[in-house]
Structure formats: C-alpha cells, structure tokens
Amino acid sequence: MSESEIILNAVCHVTGISKSAIVGGSRTWPVVEARLLLILFYSRRGWDDFQTACVLKRDRTTILKARH
C-alpha cells in the first residue's frame, strides 16, 4: 500500500467520509473538511501541490488555494 493510500484510508476512517466522496465533486462541509485534512497531511509529508492535485483529481491551483 502506498503512502497516499495509507493517508487517504486514515482520513476516511477518522472522518467517516468515503474515498469516492473525497475525490468527488461534493461541496458539503463534511466532505470539504475531509478534503482539507487530506491536503494538510499531504503537505506535511512534503508533497507538492501537483502531486496532491493528481490524487484528488483537482487542479493544482485549487490545492494551492486550499492550503492557504
């Protein structure tokens, strides 16, 4: 299991939000909060915005804005 899968599984377990919901386009607050938590974890592990964007199927600038 890769590092990104371990982090994604941990966030899913803690928040109770499914992987498909986090990667999906939902804008409900619990899903957005889980997505932000995931972005924070990836950032703390040294991932750049492009790598995180690929995992979340988002644009790099979306990740940049979420981090700030």
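A quick note: this is a predicted structure, and the numbers were derived from the prediction, not measured.
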Which heavy atom in S18 sits nearest to a heavy atom in C12, and how many Å separate them?
C-SG, 3.9 Å
Can you get from I63 to I7 by hopping between Ile, Leu, Val, Met, Phe, Trp and Tyr side chains that sit under 4.5 Å apart?
yes
May I ask whether F41 and I17 are part of the same hydrophobic cluster, defined by side-chain heavy atoms of I, L, V, M, F, W, Y residues being less than 4.5 angstrom apart, directly or through others?
yes
Can you list the residues that meet the side chain to side chain contact (heavy atoms under 4.5 Å, CB included) rule with V55, with sequence neighbours excluded?
S4, Y42, W47
Side chain to side chain contact (heavy atoms under 4.5 Å, CB included) partners of S43, counting only residues at least two apart:
R67
Considering residues at least two apart in sequence or located in another chain, which fulfil the side-chain hydrogen bond (donor to acceptor under 3.5 Å, both in side chains) criterion with D59?
T61
For the backbone of Q51 and the side chain of R60, can you confirm whether one donor and one acceptor N or O come within less than 3.5 Å of each other?
no
How is the hydrophobic cluster of L64 composed, in terms of its other members, when Ile, Leu, Val, Met, Phe, Trp and Tyr link through side-chain heavy atoms under 4.5 Å apart, directly or indirectly?
none
Taking only residues at least two apart or on different chains, which pairs with a member in residues 6-17 satisfy side-chain hydrogen bond (donor to acceptor under 3.5 Å, both in side chains)?
N9-K19
Which atom pairs, one a donor and one an acceptor, fall under 3.5 Å between side chains of residues 33-40 and the rest of the protein, sequence neighbours left out?
residue : atom : partner : partner atom : Å
R35     : NE   : I22     : O            : 2.8
R35     : NH1  : S26     : O            : 3.3
R35     : NH2  : A21     : O            : 3.4
R35     : NH2  : I22     : O            : 3.3
R35     : NH2  : G24     : O            : 3.1
R35     : NH2  : S26     : O            : 3.1

